[in-house]
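Each remark here refers to the structure printed beneath this line.
Convention: sequence-line order gives letters A, B, ...; per-chain numbering from 1. Computed from a predicted model, the values in this text were never measured in an experiment.
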Amino acid sequence: MENKVALTGNEAVAEAMRQINPDVVAAYPITPSTEVVQMFSSFVANGKVDSDFVTVESEHSAMSATMGASAAGARAMTCTSSQGLAYMFEVVYIAASMRLPIVFAVANRTLSAPINIHCDHSDAMGIKQSGVIQLFSENAQEAYDNMIQAVRIAEHPDVHLPVSVNYDGFITSHALDILEILDDETVKNFVGVYKPEEYLLNVKEPISMGNFDMYDYYFEHKYQQVAAMEAAKRVIEEIGKEYEKISGRKYGLIDAYKLDDADMAVVVMNSAAGSAKGVCDELRAKGMKVGVLKPRAFRPFPHEAIADALKGVKAVAVLDRAETFSTLGGPMFGDVRNSLYDLKNDIKVVNYVYGLGGRDLRLEDVEKVYNDLADIIKTGKADNFVRYLGLRE
Amino acid sequence: MTAPREFINPKMNWKQLTKAGNIYEPGNSVLYETGDWRTNRPIIDREKCINCLICWRYCPDASIIPDEGKFGSFDYKHCKGCGICASVCPTHAISMISEDEIEKEEEAKENGK
Amino acid sequence: MATLKELSKTKERFVGGHRLCAGCGHGISVRMILNALGDDENVVVGCATGCLEVATTIYPYTSWNCSFIHNAFENTGATLSGVEAAYKSLKKQGKINDDFKFVAFGGDGGTYDIGLQSLSGAMERGHNLVYVCLDNEAYMNTGIQRSSATPMGADTTTSPAGKVIPGKQQPRKDLTAIMADHKIPYVAQTAVSNWQDVHKKATKAFETEGPAFINMLSPCPRGWRYDTPNIVEIAKKAVETRFWPLFEVENGKWKLNYKPKRYVPIEEFLKPQGRFRHLFAPGNEDLIKRIQEEVDKEWLALLERCGEEPELPPR
């Protein structure tokens, strides 16, 4: 039985965590994810969850303690943003390579310097090679739904990887939105009870974890992670189908919006996808054949699904809310262009870096992008393929 | 996890190795012999030994094998010849003999045959 | 008080076949600490990156005859906090029924310096675990670099005894006191040379409800450059010269466990070690004097804290 409520993104995430009722949460506050930590603390203090809450003294310790709990055999979660995620960087890699099914929420906020509490995706992009699964959420509904599915994805025997659920700081985390939440029993049954096969608190079968590899074993252990990421693509879709049965909402690796006959497409993640869809609808009404591709999974990168969705498109604009400082634009640009390379058609792909440090993406900006794409198709040229949207140049 | 497994070796592929490098056999390092690190070997004089087991307590490699609360034997497969046991023994019942000397003696015995 | 005879019949939780140096203090220390647990007790060991961890868990071998987790260098306190929190949570929910003890091992690097934050957090939050610092007074695993536990005057690769600067200039940090000031129920300082002291303290630590911290002097033959078989003698000298006093702080009450009967000059501890050799070069007498003054000052302060008469032992 579903339930329409008005919640902010942080409230939605905290609600999902309450319903998941993990055994342990170890977290540290940082804007803009602080509220999740606060709300969860109050659930614990009021006996609304069975979780043990560890008020760690830093984010590095937050992921470390979450890892210790997960390795011990508990279902463990945490949440953070920005500098916090950067601080736990080495531990995130270790959590992934120790194959611990930790789910952690990230209210995306930019990285210093200069210090800025507002949204962009540079925090998440910092860990894109860590081996964790990264899901991106357009709004509070998706953040809520992703958190619940993340538990099943992470704990799937073919996966066993941490899953991070990303949603835009302030834009999604603090804005009041309308969403449907499932009832407690449904979520409880969906996530099930965590029954690990390998865990420290196993009296009959003690285990040594976090061991030392020489060059004769390390490469193979890394490949195990590659295989798990490959399997994750299938598992994300499977769990999405299961979730559709209980929620009525469809989830897969990507969200393809009006792409079937589109000539122009914008590829964008998180809240800006909402703006893009809005503009897309307006331009469609004017007869422009436009569409939006919203990757839900960024890691693993669903390159097959993306190549398939964009194969008929003539011009693509990839909107990145982070810089790579490679002079080749943003992180998703490279991955998308890479995915389309083997189509060997004349598809033009350009990059727009936007919204850094919370710079607003206005509807006019998105419209400009589509118009630029139309120009590209008309002239057949896409010089200067890395562009900046909303920057005072 | 309870099924006996073939012992991990560097010829195995990624599917055969344990997940994440986890090790399921606690204390299996006893299978790895460090005895060949030695240049000196501890020898016990059982006449002098009072079975105080101080040598057992101070061995970093758990290479003094006790026997019912008494000194049993040295674990020469793991003993690294650090000489701590000889140093702490209150009755000087343990002496450190050079492995080279022992090898020579054994060769001599062989040749004498 | 258990006898060695009795202890020798118990389970060995740290076995041979590891690749620690011949004569390593850590091998002895870990065996002593874990021996304080009963055979039927379950334990999870956490360990910081360092000689102990890298030498004892080389895939596919492990020297740990129990559950073991290594995470990174500076987060043993946090990692084991998570394990303990999981235990509490799972037990409370009836998901597991067995009892467990938790013990963390970290070198002075992973404890005094890079690991101080997560240790402090773990102790402050009151987790029911024992943290044992195996103090060999430098970052040994990376090749003998100074830590805040390195004694004043010691030669290390990052505080070398040079022509202009003769070794480490700063005195040691008193981590045991810092831990006592965390107001945890049990804190103790011990040394590998005195197995009865170690056993008593480890037993108490494991029986403590809440956090317990043990700082254990664990000499390194490579880094300290003494004659390898003489580890017990060196550690004894550390205690006799009052360089490394043996004391406990139980529920805030400081207690001195051993008071040397005579004044043993610090030279007796310094002389046998290569890392202090430069102090005996002519012209460096003042350095030894400084070290002696520091030791005496700390000793008197400790006596006061322990409610003992603040006086030096008779010469």
Side-chain angles (χ1 to χ4, degrees), chain B residues 5-10 12 17-18 20-35 37-40 42 51-72 74-89 94 96, chain C residues 3-32 34-35 43 45 55-70 192-196 198-199 218-219 221 227-236:
Chain B
R5 59 180 69 248
E6 192 191 335
F7 198 68
I8 303 288
N9 66 71
M12 289 178 166
L17 296 186
T18 57
N22 292 340
I23 301 173
Y24 309 122
E25 295 92 6
N28 68 355
S29 68
V30 293
L31 298 170
Y32 186 89
E33 297 183 9
T34 50
W37 292 25
R38 277 198 308 276
T39 49
N40 292 314
N51 291 304
C52 66
L53 291 175
I54 287 180
C55 55
W56 166 85
R57 180 70 287 169
Y58 285 97
C59 176
D61 294 88
S63 290
I64 306 251
I65 304 172
D67 179 15
E68 295 295 312
K70 293 193 157 87
F71 179 96
F74 292 106
D75 176 0
Y76 289 123
K77 288 212 161 101
H78 296 107
C79 167
K80 293 170 183 155
C82 69
I84 292 176
C85 54
S87 169
V88 298
C89 177
I94 300 176
M96 301 302 293
Chain C
T3 61
L4 287 181
K5 208 178 169 104
E6 288 160 2
L7 291 176
S8 72
K9 296 182 186 167
T10 63
K11 182 155 81 174
E12 197 70 70
R13 282 191 174 86
F14 185 75
V15 303
H18 57 69
R19 324 246 184 124
L20 292 167
C21 294
C24 173
H26 288 3
I28 310 172
S29 303
V30 170
R31 285 184 60 225
M32 283 183 185
L34 293 180
N35 230 180
V43 65
V45 171
T56 60
T57 59
I58 301 176
Y59 191 79
Y61 302 103
T62 176
S63 299
W64 300 90
N65 192 13
C66 56
S67 269
F68 172 92
I69 181 165
H70 159 252
V192 75
S193 47
N194 189 334
W195 76 264
Q196 289 104 326
V198 176
H199 187 85
S218 180
D227 206 13
T228 302
N230 299 337
I231 189 172
V232 171
E233 219 180 282
I234 283 290
K236 266 206 178 101

Please name the pair of heavy atoms, one in [X] and one in [Y], separated by the smallest distance, quoted to 0.1 Å.
| X | Y | result |
| --- | --- | --- |
| B:Cys82 | C:Gly23 | CB-N, 3.2 Å |
| B:Ser29 | C:Val15 | OG-CG2, 3.5 Å |
| B:Arg57 | C:Leu4 | CD-CD2, 3.7 Å |
| C:Asn230 | B:Ser87 | OD1-OG, 3.7 Å |
| B:Gly69 | C:Ser8 | CA-OG, 3.6 Å |
| C:Thr62 | B:Ile23 | CG2-CG2, 3.7 Å |

Examine whether an atom of C:Thr56 lies under 4.5 Å from a heavy atom of chain B, and if so say whether it belongs to the side chain, the backbone or both; otherwise answer neither.
neither
Against chain B, label C:Asp227 side chain, backbone, both or neither, depending on which of its atoms sit under 4.5 Å from a heavy atom there.
neither
Please state whether the side chain, the backbone, both or neither of [X] comes within less than 4.5 Å of a heavy atom of chain C.
| X | value |
| --- | --- |
| B:Val30 | both |
| B:Cys52 | backbone |
| B:Pro26 | both |
| B:Ile64 | neither |

Neighbour count above 12 (heavy atom, 6.0 Å) for C:Lys9 NZ
yes
Straight-line distance of [X] [atom1] to [Y] [atom2], nearest 0.5 Å:
| X | Y | atom1 | atom2 | value |
| --- | --- | --- | --- | --- |
| C:Phe68 | B:Asn22 | CZ | CG | 12.0 Å |
| C:Cys21 | B:Lys80 | SG | NZ | 8.0 Å |
| B:Asp61 | C:Arg31 | CG | CZ | 9.0 Å |

With no hydrogens and no angle check, is any side-chain donor or acceptor of C:Ser63 less than 3.5 Å from a backbone partner on B:Gly27?
no
Are a donor atom and an acceptor atom from the side chains of C:Tyr59 and B:Thr18 found within less than 3.5 Å of each other?
yes
ring-ring contact (aromatic ring centres under 6.0 Å, His included) against C:Phe14, all qualifying residues, sequence neighbours excluded:
C:His18, C:Trp64
State which residues pass ring-ring contact (aromatic ring centres under 6.0 Å, His included) with B:Phe71; sequence neighbours excluded, sorted by chain then number.
B:Phe74
Quick one: which of B:Ile54, B:Asn28, B:Leu31 has the most heavy-atom pairs under 4.5 Å with chain C, could you say?
B:Asn28
Could you check which of B:Gly35, B:Cys79, B:Gly83 has the highest count of heavy-atom pairs closer than 4.5 Å to chain C?
B:Gly83
Partner chain B: residue of C:Leu7, C:Thr3, C:Ile231 with the largest heavy-atom pair count (under 4.5 Å):
C:Leu7
Please determine if C:Arg19 forms a cation-pi arrangement with B:Trp37, meaning its NZ or CZ atom is less than 6.0 Å from the six-membered ring centre and no more than 45° off the ring axis.
no
Is there a side-chain contact (heavy atoms from CB on, under 4.5 Å) between C:Met32 and B:Tyr58? Walk through the geometry before answering.
CA-CA 9 Å; C:Met32 283 183 185; B:Tyr58 285 97; 3.5 Å; yes
